[in-house]
Amino acid sequence: MILQDELDKNPRLHQLVKYGPSAFKQSDYGLADELKNNPVSKIYVSGVSMSNGVLKTARDGADLGFEAMIIEDACADRKLKNFQKTKTDEIPKFGKLIKTREIIEELNKNV
């Protein structure tokens with residue numbers, strides 16, 4: 001958790017409080033506007049509930065015009081069948097599954 005002092009010192013850090021599964025539609029922060037103003041076109045999503053919060057945040061982001069990248073090996077779910085179903089049936093409709101190593105490789109290309 002980032003301390004308030006750190007938020008105050010760095011204008012690039014923002015606190016977002018989620019009150020539902022989607023960071024875009026169920027939070028106290030205008031996340032889509034903030035990202036578009038910076039200008040961000042691609043989002044990377046991971047989390048503890050692939051079939052709920054991860055799915056809803058990534059899908060809402062895609063619906064808002066962002067390229068949604070779901071970090072498969074940085075996600076979990078309560079039930080393996082939910083994880084697998086989301087991975088194979090839902091995410092390909094709007095986003096792309098990637099692995100952490102792919103992000104690291106991409107970052108290393110840009111160094």
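Not measured: the values here are computed from a predicted model. No hydrogens, no waters, no symmetry mates; every other heavy atom, side chains included, goes into these values.
One hydrophobic cluster, built from ILVMFWY side chains closer than 4.5 Å, holds both Leu35 and Leu16. Residue Tyr44 is not grouped with residue Leu55 when hydrophobic side chains (ILVMFWY) are merged at heavy-atom distances under 4.5 angstrom, including chains of intermediate members. There is a path of hydrophobic side-chain contacts, each under 4.5 Å, that joins Phe24 to Val40.
Summarising the geometry of Ser22 relative to Lys56, their closest heavy-atom pair is OG-O, 3.9 Å, with the distance given to 0.1 Å. Closest of all the heavy-atom pairs between Ala62 and Ala68 is CB-CB, 4.2 Å. Closest heavy-atom contact between Ile91 and Met50: CD1-SD, 3.6 Å. Here the shortest heavy-atom pairing between Val54 and Gly47 reads CG2-N, 3.4 Å. Closest of all the heavy-atom pairs between Thr57 and Ala23 is OG1-N, 2.9 Å. A pairwise comparison of heavy atoms in Phe66 and Lys36 identifies CZ-CG, 3.6 Å as the closest pair.
The closest side-chain heavy-atom distance from Glu102 to Ile104 is not below 4.5 Å. Between Glu34 and Tyr29 there is a side-chain heavy-atom pair separated by less than 4.5 Å.
To the nearest 0.5 angstrom, Ile43 atom CD1 is 10.0 Å from Met69 atom CE. If you take NZ on Lys85 and CG on Leu80, they are separated by 14.0 Å, rounding to the nearest 0.5 Å. Rounded to the nearest 0.5 Å, atoms OG1 (Thr88) and CD (Glu90) are 8.5 Å apart. Taken from CG in Asp77 to NZ in Lys87, the straight-line distance is 12.0 Å, to the nearest 0.5 Å.
Contact check on Asp60 versus Lys25 returns a salt bridge, with a Lys/Arg side-chain nitrogen under 4.0 Å from an Asp/Glu carboxylate oxygen.
By the neighbour-count criterion of 12 heavy atoms within 6.0 Å, atom NZ of Lys18 is densely surrounded, having more than that number from other residues, nucleotides or ligands.
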Take Cys75 and Ile70, measure what side-chain contact (heavy atoms from CB on, under 4.5 Å) needs, and give me the verdict at the end.
CA-CA 8 Å; Cys75 293; Ile70 296 82; 4.1 Å; yes
Does Ile71 form a side-chain contact (heavy atoms from CB on, under 4.5 Å) with Ile103? I'd like the steps, not just the answer.
CA-CA 9 Å; Ile71 310 167; Ile103 297 169; 3.5 Å; yes
Glu72 vs Phe83, side-chain contact (heavy atoms from CB on, under 4.5 Å): CA-CA, chis, key distance, verdict:
CA-CA 10 Å; Glu72 179 181 356; Phe83 183 93; 4.1 Å; yes
Checking Lys96 against Ile98 for the side-chain contact (heavy atoms from CB on, under 4.5 Å) test, could you report, in this order, the C-alpha distance in whole Å, the side-chain angles of both residues, the deciding distance, and whether it holds?
CA-CA 6 Å; Lys96 179 180 177 190; Ile98 61 169; 4.0 Å; yes
